[in-house]
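Letters A, B, ... mirror the listed sequences (proteins, then strands); counts begin at 1.
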Amino acid sequence: MKNSGNFLDGLNEVQRKAAVHTEGPVMIVAGAGSGKTRVLTFRIAHLMKKGVDPFNILALTFTNKAAREMRERIVKIVGGNEGKNIWMGTFHSVFSRILRAEHDKLGYPKNFTIYDSDDSRSLIRDIIREQGLDEKIYKPNMVQARISISKNNLMSASSYNNNPQIQEDDKMSGKPKIGLVYRIYNRRLFKAGAMDFDDLLYNTNVLLRDHLDILVKYQDRFKYIHVDEYQDTNFSQYVIVKQLAARHRNLCVVGDDAQSIYAFRGANIQNILNFEKDYPDLQTFKLEQNYRSTKTIVEAANSVIKNNKEQLKKTVWTGNPEGDKIRVLKALTDNEEGHQVARTIYDLKMNEQAYNRHIAILYRTNAQSRSMEEGLRKMNISYKVYGGLSFYQRKEVKDLLSYFRLVINPGDEESLKRIINYPTRGIGETTLHKLLVTANDHDVSTWTIMENIQDFSVDITPATRKRISDFVAMIKSFNIRAHEANPYDLGMEIANGCGLLKELYNDKTPEGVSRYENVQELLNGLKEFSEGGTSFLAPPTQPGEEEKKPSLIEYMADIALLTDADEEDDSRDRVSLMTIHASKGLEFPYVFLVGLEENLFPSQYSVNSRADLEEERRLFYVALTRAEKRLFLSFAETRYRWGSLINCEPSRFIGELDPGCLAFEESGFKKKDERPIRRFKEPYEEKVFRKDPPSKKGPGKNMVKLAQAGKSYTESKYDNSHLKDLRVGMQVEHDRFGSGKVVSLEGIFPNNKAIIEFEDVGTKNLLIKFARLKIVAEQ
DNA sequence: GTGTAATGCTATTGG
DNA sequence: AGCATTACAC
């Protein structure tokens with residue numbers, strides 16, 4: 001623990017001023033890498049040292065992980081145990097807790113369910129169908145986006161339907177019923193005791209607007225409010241903050257307009273640009289010194305962002321060394337891009353002793369991870385992909401979570417629909433449909449119908465009735481214990497009792513095994529939660545309030561709002577792969593920014609609108625400024641999309657970079673018909689066209705050698721690179737199954753599967769990377 | 001009601 | 001190309 005008093009010495013002058021200016025409205029405009037987290041951390045620590053009760057401090061961060069890390073740092077500075085009493089987390093997690101505490105004011109159950117995007121889209125799709133609307137016109141995704149935007153602008157279903165402008169727009173676009181879907185959607189959410197993500201903010205606004213006593217209560221609780229990444233707040237969040245801060249006016253927002261990249265989900269850059277209008281007496285601090293990156297990187301980033309019109313004036317500079325030039329890499333195909341990136345990483349590790357964990361590969365869309373993964377795997381470099389299908393969205397994980405959700409809130413219709421017949425228990429589509437219709441007719445939940453099936457005249461057989469009441473009895477037996485039982489024990493009982501664990505265990509295909517493992521992993525997490533007490537997401541326990549025991553209910557309240565970005569870093573040394581959006585707030589010594597092509601980055605959806613293009617440019621700026629030491633840019637001339645090859649042009653953003661920061665091995669980046677950009681190294685010899693006959697000497701000999709030299713292959717236990725050229729019709733020999741013939745192949749090496757007909761044991765479906773297989777003959 | 005084959009849709013970005 | 005939903009056979 002540090003001695004008190006001197007801890008602020010670790011800040012520069014502006015940082016220190018910003019940290020100690022605790023009273024009144026404050027805006028900290030913080031350039032990339034200027035130490036804003038540090039300022040926020042020290043500021044809160046300073047408040048506590050001054051004697052401010054941590055219960056009175058609120059800090060809203062962009063991810064829960066950021067909150068967790070900041071809390072840890074504050075605890076280190078301040079010492080003692082008080083740090084845990086700060087209210088910290090994302091908007092969604094903090095206000096979902098407040099909504100649970102005040103649930104009765106809004107007529108919601110305390111254990112309301114949080115619907116994720118998939119749940120809410122599925123509900124919207126149901127409503128569209130029930131209303132007899134054409135799904136081709138009323139695309140669920142589009143309707144969902146419209147509803148989401150409305151909620152984030154605090155526009156209720158009624159105002160939506162009563163707004164002449166909107167009604168006119170919807171009519172003109174041939175979709176006059178969106179308002180109706182919105183109204184029904186909200187009604188159904190409420191009936192199910194569920195909120196979608198946007199409701200967590202919307203309903204917080206309703207709560208604060210309609211209940212003055214509640215507003216005053218939280219105004220007085222949150223005497224000091226901090227909002228990180230303020231440039232990415234939406235209107236709904238803006239109003240919440242404004243309301244809460246109205247009484248004490250100690251509001252500190254931190255952000256960088258140049259890094260606003262979430263307009264697509266309602267973030268309003270005007271919130272930060274107009275902060276001064278809302279609080280004319282504000283103090284502004286500009287953090288302009290970058291401590292993160294080399295001069296080259298900072299200058300390159302500046303040269304790009306100056307192409308944007310609307311921004312707050314600031315000049316980011318750094319005292320860091322010049323550093324290496326940014327290298328630009330051209331590849332023939334997306335796959336070759338992956339190979340070259342992997343190869344360059346290999347060189348970095350050899351020549352600069354770089355660790356995997358110091359390296360990030362950033363891309364615009366999740367789909368781009370595939371070619372990067374392939375390249376890394378071949379070079380035997382271990383990596384982790386963030387984002388994409390998150391753990392909690394995997395089918396098997398969501399299935400079990402749906403049981404948990406239903407146990408906690410039997411009104412949760414989306415969960416009910418998901419698992420009522422999984423594992424199959426003879427309650428099929430027709431029965432479910434009858435139940436849903438009856439529920440709708442009586443305006444009660446499907447669960448209520450099932451619970452009282454004898455009271456309703458539903459046309460179903462006695463056998464099916466029995467199955468339904470068995471199901472109801474099972475869920476109820478878990479439900480009565482949801483409050484007090486040990487969450488892990490209860491979770492295990494549910495997983496076993498519902499038959500899901502057995503179902504997965506019996507599936508011996510490679511995918512089935514992995515599904516089983518995923519469920520086990522979920523249960524392990526639940527176990528940790530059970531043993532570790534309440535979570536970091538829970539609000540501090542108020543004085544006089546009894547300490548919360550871990551329960552399944554608490555667990556579910558937590559994980560509904562967790563994302564991949566919140567995962568604790570593991571200690572494994574792995575390269576990070578993620579979208580640029582996901583990289584926000586992170587930094588790496590080595591950054592590879594890939595896929596710099598027109599219509600990919602900037603995205604095809606953005607090129608026709610100035611505002612959208614500026615957002616893409618800010619995204620590019622964010623990507624560049626993640627790098628501390630060295631930065632590599634790359635693009636491919638052709639790329640597979642929807643399974644077919646398309647031609648690409650280099651991104652305009654490359655042309656916007658100050659050429660002096662770039663390393664071209666020849667004359668530099670010119671017009672598209674010139675070919676000045678050479679690869680970093682000799683190109684990896686790769687077949688561009690799939691139709692080429694399999695190479696006689698096998699896949700790049702060097703690759704194999706490197707793969708053998710390395711220690712741990714990311715996934716495979718065996719070096720099966722000789723199976724890359726496996727083709728249908730080949731004769732093979734298996735360690736255990738004997739000799740056989742390849743019947744079919746699918747997927748991409750080494751994650752491909754082969755169906756092989758063995759002479760002795762019949763047909764087997766094998767995952768190539770695990771198969772102990774030899775090629776015996778070509779035919 | 002259940003399991004498999006065929007179709008069709010998707011890939012901005014995410015709490 | 002890969003996945004989810006739908007169509008169709010048992």
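Residues from residues 430-438 of chain A placing a heavy atom under 4.0 Å of any atom in DNA chain B, listed by number, are Thr430(A), Thr431(A).
Atom CZ in Arg121(A) sits 5.0 Å away from atom CD in Gln144(A) (nearest 0.5 Å).
Distance check on atom P: dT6(C) versus dA11(B) gives 16 Å, rounded to whole Å. A gap of 16 Å separates the P atoms of dA4(C) and dT13(B), to the nearest Å.
Residue ring and base: Tyr605(A) counts as stacked with dT12(B) (centre distance below 5.5 Å, interplanar angle below 30°). Stacking between Phe264(A) and dT13(B) is shown: the ring centroid lies under 5.5 Å from the centre of the six-membered base ring, and the planes differ by under 30°.
Judged purely by distance below 3.5 Å, without hydrogens or angles, the side chains of Asn647(A) and Thr638(A) never pair a donor atom with an acceptor atom.
With sequence neighbours left out, the side chain to side chain contact (heavy atoms under 4.5 Å, CB included) criterion links Lys466(A) to Asp470(A). Residues passing the side chain to side chain donor-acceptor pair (under 3.5 Å) test with Ser122(A), sequence neighbours excluded: Glu414(A). Residues that satisfy the side chain to side chain contact (heavy atoms under 4.5 Å, CB included) test with Ser96(A), not counting sequence neighbours, are Ile114(A), Leu200(A), Leu561(A). Every side chain to side chain donor-acceptor pair (under 3.5 Å) that Asn205(A) has, sequence neighbours left out, goes to Ser236(A). When the side chain to side chain donor-acceptor pair (under 3.5 Å) test is applied to Gln131(A), no partner is found at least two apart in sequence or on another chain. Taking Tyr505(A) as the reference, Tyr516(A) meet the ring-ring contact (aromatic ring centres under 6.0 Å, His included) condition, with sequence neighbours excluded. Here Phe620(A) pairs with Phe601(A), Phe653(A) under the ring-ring contact (aromatic ring centres under 6.0 Å, His included) rule; sequence neighbours left out. Applying the side chain to side chain donor-acceptor pair (under 3.5 Å) criterion to Ser148(A), with sequence neighbours excluded, gives Asp198(A). The ring-ring contact (aromatic ring centres under 6.0 Å, His included) test applied to Tyr182(A) returns Tyr160(A), not counting sequence neighbours.
Closest to the side chain of Trp642(A), from the set dT13(B), dG15(B), dT10(B), is dT10(B). Among the nucleotides dG15(B), dT12(B), dG14(B), the one closest to any side-chain atom of Phe197(A) is dG15(B).
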All N/O pairs under 3.5 Å across the protein-nucleotides 2-5 of chain B interface:
residue, atom, partner, partner atom, Å
dT2(B), OP1, Gly426(A), N, 3.1
dT2(B), OP2, Asn421(A), ND2, 2.9

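Within the nucleic acid shown, Phe91(A) has no heavy atom closer than 4.0 Å to any nucleic acid atom. Using a 4.0 Å heavy-atom cutoff across all strands shown, Asp116(A) reaches no nucleic acid atom at all. Within 4.0 Å (heavy atoms only), Lys136(A) reaches sugar-phosphate atoms of the nucleic acid but no base atom.
Heavy-atom nearest nucleotides on DNA chain B were determined for Ile460(A) and for Thr579(A), and the one closer to the 5' end corresponds to Ile460(A).
Distance, Leu362(A) CG to dG14(B) P: 12 Å, rounded to whole Å. Put simply, CG on Leu586(A) is 12 Å from P on dG14(B), counting in whole angstrom units. The distance between atom CG of Asn152(A) and atom P of dG14(B), rounded to the nearest whole Å, is 16 Å. The CG atom of Leu645(A) sits 12 Å away from the P atom of dA1(C) (whole-angstrom rounding). Here dG15(B) presents its P atom at 15 Å from CD1 of Ile559(A), a figure rounded to the nearest Å. In this structure, CZ of Arg121(A) is placed 11 Å from C1' of dT10(B), rounded to the nearest angstrom. Protein atom CG of Asn141(A) is 11 Å distant from nucleotide atom C1' of dC9(B), rounded to whole Å. When the C1' atom of dG15(B) is taken as reference, atom NZ of Lys65(A) falls 16 Å away, rounded to whole Å.
For the OP1/OP2 pair of dG15(B) and a distance below 4.0 Å, the side-chain nitrogens and oxygens of Asn64(A) include no atom meeting the criterion.
Ring-centre distance between Tyr262(A) and Phe62(A): below the 6.0 Å cut-off.
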Exercise for review: Go along nucleotides 5-10 of chain C 5' to 3' and tag each nucleotide: B for a protein heavy atom under 4.0 Å from its base, S when only backbone or sugar atoms are that close, - otherwise.
Suggested key: -S----
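Judged by the 6.0 Å and 45° rule, Lys395(A) forms a cation-pi pair with Tyr422(A).
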